[in-house]
> 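This structure is in structure tokens; I'll ask about it shortly.
Values reported hereafter were calculated over all heavy atoms of this structure, with side chains retained and with hydrogens, waters and symmetry mates removed. Throughout, protein chains are lettered first and strands after them, A, B, ... in sequence-line order, and every chain is numbered starting at 1.
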Amino acid sequence: MPKEPARTAHWLLKSEPSTFSFDDLWRAKGRTTGWNGVRNYQARNFLRDMRVGDGVLYYHSGDEPGVAGIAQIAAVAYPDPTQFDPQDDGYDAASTRDEPRWYQVDVRAVEKLPRLVPLAELRADRALAGMELLRRGSRLSVQPVLVAHWDRVRALAQAR
DNA sequence: GCCAACGTTGGC
DNA sequence: GCCAACGTTGGC
């Protein structure tokens with residue numbers, strides 16, 4: 001069997017900072033948390049494509065939308081336990097432990113950016129044209145990011 | 001299988 | 001508060 005080609009993937013994860021901000025992740029035990037609660041099939045499928053070490057742009061939605069920090073995938077997908085908890089918002093009565101419907105990964109904070117890179121600035125940057133995040137009405141909370149866009153966002157964070 | 005109604009996300 | 005863009009639900 002041929003060896004798998006070297007693979008570096010990059011992603012963007014959205015979070016409402018009032019729910020769980022990048023600083024919350026930074027302060028978490030091991031700077032790591034389980035990314036649970038995803039209940040969208042497309043997003044779920046991306047979660048299952050993730051590998052340990054993949055890069056993550058940590059995006060804040062809400063009042064001050066923008067990229068807040070850099071994280072990485074710390075564990076590949078495993079069943080999201082909240083789907084089995086009737087008290088949880090993400091409870092899914094149709095999901096079974098034998099065939100779980102929803103997955104999560106572990107995410108670890110790796111780098112505080114010198115500043116939050118505002119969404120408006122991303123939109124204004126021609127090098128980022130075509131980024132999923134910038135599509136009108138884009139709501140997907142888990143998105144793949146092209147390496148060129150990854151590099152560009154990180155460069156913008158260092159600018160000014 | 002179609003589609004209308006409804007709910008949610010999230011920017012502005 | 002408004003609205004665009006979906007995803008889901010349920011009737012038929």
> Using heavy atoms and a sub-4.0 Å distance, could you list which residues of residues 83-102 of chain A are near DNA chain B? By number, please.
none
> Check the interface with nucleotides 6-10 of chain B: list each N/O to N/O pair with the protein under 3.5 Å, or write none.
{"unit_1": "dT8(B)", "atom_1": "O2", "unit_2": "Arg139(A)", "atom_2": "NH1", "d": "2.4"}
{"unit_1": "dG10(B)", "atom_1": "OP1", "unit_2": "Arg139(A)", "atom_2": "O", "d": "3.4"}

> State whether a side-chain donor-acceptor pair under 3.5 Å links Asp85(A) with Thr82(A).
no
> Going by side-chain heavy atoms closer than 4.5 Å, which hydrophobic residues are tied to Leu134(A), directly or by a chain of links?
Leu12(A), Leu57(A), Tyr59(A), Val67(A), Ile70(A), Val110(A), Leu113(A), Val117(A), Leu119(A), Leu122(A), Leu128(A), Met131(A), Leu133(A), Val145(A), Trp150(A), Val153(A), Leu156(A)
> Check this for me, if you would: do Asp80(A) and Arg39(A) make a salt bridge, where the nitrogen-to-carboxylate-oxygen distance has to be below 4.0 angstrom?
yes
> Calculate the interatomic distance between Arg136(A) atom CZ and dC2(C) atom C1'; express it in whole Å.
13 Å
> Taking only residues two or more places apart in sequence, or in another chain, which ones meet Arg136(A) in a salt bridge (charged side-chain N to carboxylate O under 4.0 Å, His left out)?
none
> Who passes side-chain hydrogen bond (donor to acceptor under 3.5 Å, both in side chains) against Glu111(A), sequence neighbours left out?
Arg154(A)
> Quickly work out the His60(A) NE2 to dC12(B) P distance and round it to whole Å.
17 Å
> Can you name the side-chain hydrogen bond (donor to acceptor under 3.5 Å, both in side chains) partners of Arg152(A), sequence neighbours left out?
Asp125(A)
> Less than 6.0 angstrom separating the ring centers of Trp102(A) and Tyr41(A), yes or no?
yes
> Just wondering, more than 12 heavy atoms not from Glu132(A) lying within 6.0 Å of its CD?
yes
